[in-house]
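One structure is given below, encoded as structure tokens.
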Amino acid sequence: MFGIRDRRREVVVRCVVAIALTLMTALTGVGRATAAERGPRDITQDYFYVPLHSQEPYTSDVLGLEFAYDGPPRNAELTVDAAGIDGVAVVASGADGCRPRMPSFTCSKQLHPDSEGWNMQELKLRPAAGARAGDSGNLSYTLKPEGLPAVRGSLKVIAGRPELRVNESAALRTTAVGETFSVPIVIRNTGDVPAHGVVLLIEGNADLSAVTRHSNCRYAKDADTIQCLLPDAVIAPGETMRVKPVLRVRPSRAALAERLSYGAWSFHSSGRHPGPPCCVDDPAPGLTPGQGTPLSLTPDPTGGKGTTFTTTPEPTEVKVPVRNTADIEAIGAALRGKVGTTHRIRVGYRNNGPAETGEIRTVFIAPPGAEVIRAPYDPEAEEEMADQVCRTKNRGRSYTCSQYSEVGQKVFYEFTLRTTSDDTRSGCVSVSAWTGESGPGGTRVKDTERSNDTAPVQVAENGTVSCALPKEDGSGVGSWAVGTGIAALAGSALLVAGHRRRKASRSGPTPTPWWLTRFEREL
């Protein structure tokens, strides 16, 4: 694993070295290399594709000539020879004041230590007039830092683009906790040129884990991110390949309604950014390589016959239903006092597991002899009542609250009540768990201990407990029915929107991918 401490230590060491070298340079003269200094290294990609058609997500027409450097700030000149790409592409413009022209040009460049950012010269390319898919040529360049040896490099520029699409997985059958299942990945190149090198990104909930950790993949600690690089894989236009061995996944003890996604991209199809291929060669902190058999690609024997493929570069998503249960325990309260007194109470629940559920719905029915004068309120949701954590639709006699929580966590909702009469009947707290969002269309999670799904909100030691919603009589005055269940709640109109802080990985859209978050930070 790439330890966070190690990364921080490396950054500190680099900074100390850079400061020391800067001081030494100041003493010995600018542009003179010190004995301890290393020159820049070329880390530019090997291929660059120039799109012949409209841009798609995760594509770029910007080529970055990039260099690794660990010395002090230093001036340099970058000379680019574009004669080799004549008839293939044209260097149209450049960043940072560089003004390209064909067939060769020079840019002034300032080198900085890697800890301070990228040493990259960006050049925008467009296809040459008459260029056809597959036309290619070599672009050469030379970086000459002051006082250091020159660095020479080249890359192949190709007219056209590979476009990789993955199979849309069929619905998976419900699996048991700990039971492994297969996720076959099939890749087809729908572009007009071969893909040289393939990137696989697989993301899922933390309650899913890969059975085998392959040596050409890197894994997050919680196994929710897998980055795989197959640099030698080549997929010709129209060719369909299968990933071998088949991905095997195991749901954990807490798994319930899980999701995973996978996608494939040509490694060099978007340069260093903005899409998924950008960062596999520069893994995020906390990812560690596997030790198992490396993944590889083999031709699909059927040529993809009968397989439905994605129509965009976006990953495809797979729902993973897991057979599991959860014991949700209601937590009640008690209030004592004369008529007219106010009382602050906390009601809620505890998820005893084992499943990490979706929304957990809590219904609080106030005692008949009391009224709610203050309920949980989120000021951030002032404009949208649907986003409030607790809502009521019957004059404050009952509240429905929905929220996500982890196994073992207690969740409380604070209410303030005022006693209005000598009625000693108790109120009630009822809880239920769902695979996703609660309410119509949702699926309720099987509770192994139904006896603790309700708890009283007591007013007196021996008061009768009511778990039924108040009914309006002809005069509009509420009358309370005595019951022991929550059947009346099932048909009620108390619909609850999820709390804004809910755990998005359990329901709703897939979380923002790590690579997109990283790109947004870099903009």
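Take Tyr349 and apply the ring-ring contact (aromatic ring centres under 6.0 Å, His included) test, not counting sequence neighbours, and it matches no residue. Taking the salt bridge (Lys or Arg N to Asp or Glu O under 4.0 Å) definition, one finds that Asp447 meets it with nothing, sequence neighbours left out. For Val177, the side chain to side chain contact (heavy atoms under 4.5 Å, CB included) criterion is met by Arg253, Val322, Asn324, not counting sequence neighbours. By the side chain to side chain donor-acceptor pair (under 3.5 Å) test, Thr240 is found to be paired with Arg188, residues two or more places apart in sequence or in another chain being considered. Considering only residues two or more places apart in sequence or on other chains, Thr174 meets the side chain to side chain contact (heavy atoms under 4.5 Å, CB included) condition with Pro321, Arg323. Among residues two or more places apart in sequence or in another chain, the side chain to side chain donor-acceptor pair (under 3.5 Å) test is passed with Glu371 by Arg418. For His343, the side chain to side chain contact (heavy atoms under 4.5 Å, CB included) test picks out Leu335, Thr341, Thr419, with sequence neighbours left out. Remark: Asn452 engages Asp327 in a side chain to side chain donor-acceptor pair (under 3.5 Å) (not counting sequence neighbours). For Arg346, there are no salt bridge (Lys or Arg N to Asp or Glu O under 4.0 Å) partners, not counting sequence neighbours. Residues passing the side chain to side chain donor-acceptor pair (under 3.5 Å) test with Ser252, sequence neighbours excluded: Asp207. Under the rule for a side chain to side chain contact (heavy atoms under 4.5 Å, CB included), Gln291 has no partner lying at least two apart in sequence or in another chain.
Rounding to the nearest 0.5 Å places CD1 of Ile202 at 10.5 Å from CD of Gln227. To the nearest 0.5 Å, atoms CE (Met241) and CG (Leu297) are separated by 5.0 Å. In this structure, CD1 in Ile328 is found 3.5 Å from CG in Asn351, a value given to the nearest 0.5 Å. To the nearest 0.5 Å, atom CD1 of residue Ile226 and atom OH of residue Tyr262 are 13.0 Å apart. Separating the CD1 atom in Ile360 from the OG atom in Ser438 is a distance of 10.5 Å, to the nearest 0.5 Å. Note that the CZ atom of Arg336 and the CD atom of Gln458 stand 5.5 Å from one another [nearest 0.5 Å].
Contact check on Arg165 versus Glu163 returns a salt bridge, with a Lys/Arg side-chain nitrogen under 4.0 Å from an Asp/Glu carboxylate oxygen.
Shortest non-hydrogen contact noted between Ala370 and Thr420 is N-OG1, 3.7 Å. In plain terms, the two heavy atoms of Leu417 and Pro367 that are nearest each other are CD2-CD, 3.7 Å. Counting all heavy atoms, side chain and backbone alike, Ala333 lies closest to Ile345 at CB-CB, 4.0 Å. Counting all heavy atoms, side chain and backbone alike, Pro368 lies closest to Ser426 at CD-O, 4.0 Å. A pairwise comparison of heavy atoms in Ala195 and Leu164 identifies CB-CD2, 4.1 Å as the closest pair. Tyr404 approaches Gly436 most closely through the heavy-atom pair OH-O, 3.9 Å.
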TODO: Run the numbers on Ile365 and Arg397 for side chain to side chain contact (heavy atoms under 4.5 Å, CB included), then give the verdict.
DONE: CA-CA 6 Å; Ile365 300 176; Arg397 299 308 304 176; over 6 Å; no
Open item on the list: The test is side chain to side chain contact (heavy atoms under 4.5 Å, CB included); show your working for Val429 and Thr362 and say whether it passes.
Closed with: CA-CA 7 Å; Val429 178; Thr362 302; 3.7 Å; yes
Open item on the list: Could you walk me through whether Glu168 and Thr310 satisfy the side chain to side chain contact (heavy atoms under 4.5 Å, CB included) test, starting with their C-alpha distance in whole Å, then the side-chain angles of each, then the deciding distance to 0.1 Å, before giving a yes or no?
Closed with: CA-CA 6 Å; Glu168 294 184 350; Thr310 55; 3.8 Å; yes
Open item on the list: I'd like to know whether Glu356 forms a side chain to side chain contact (heavy atoms under 4.5 Å, CB included) with Val407, so could you lay out the CA-CA distance, the side-chain angles of the two residues, the decisive distance to 0.1 Å, and finally the verdict.
Closed with: CA-CA 6 Å; Glu356 188 94 359; Val407 173; 3.3 Å; yes
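In this structure the side chain of Leu295 reaches within 4.5 angstrom of the side chain of Cys217, judged on heavy atoms. At least one side-chain heavy atom of Val186 sits less than 4.5 Å from a side-chain heavy atom of Phe309. Looking at heavy atoms from C-beta onward, Pro354 lies in side-chain contact with Thr325 at the 4.5 angstrom threshold. Using a 4.5 Å heavy-atom cutoff, the side chains of Thr342 and Arg344 are not in contact. Pro251 is listed as a side-chain neighbour of Leu208, based on a closest heavy-atom distance under 4.5 Å. Side-chain contact between Arg361 and Ser402 is present, with heavy atoms from C-beta onward closer than 4.5 Å. Side-chain contact between Asp96 and Gln110: absent, with no pair of heavy atoms (C-beta onward) separated by less than 4.5 Å. Side-chain contact between Pro245 and Thr212 is absent, with no heavy-atom pair separated by less than 4.5 Å.
The backbone N or O of Gly292 sits less than 3.5 Å from a side-chain atom of Ser215, completing a donor-acceptor pair. In this structure, Asn205 contributes its side chain and Arg259 its backbone to a donor-acceptor pair below 3.5 Å. When atom types are taken as modelled, the side chain of His214 and the backbone of Thr293 share a donor-acceptor pair closer than 3.5 angstrom. Distance alone, capped at 3.5 Å, is enough to place a donor-acceptor pair between the Asn119 side chain and the His112 backbone.
Sorted by first then second residue, the ring-ring contact (aromatic ring centres under 6.0 Å, His included) pairs that include residues 409-453, not counting sequence neighbours, are Phe364-Phe415, Tyr399-Phe415.
Side chains of Ser169 and Asn167: a donor-acceptor N/O pair is absent below 3.5 angstrom, by distance only.
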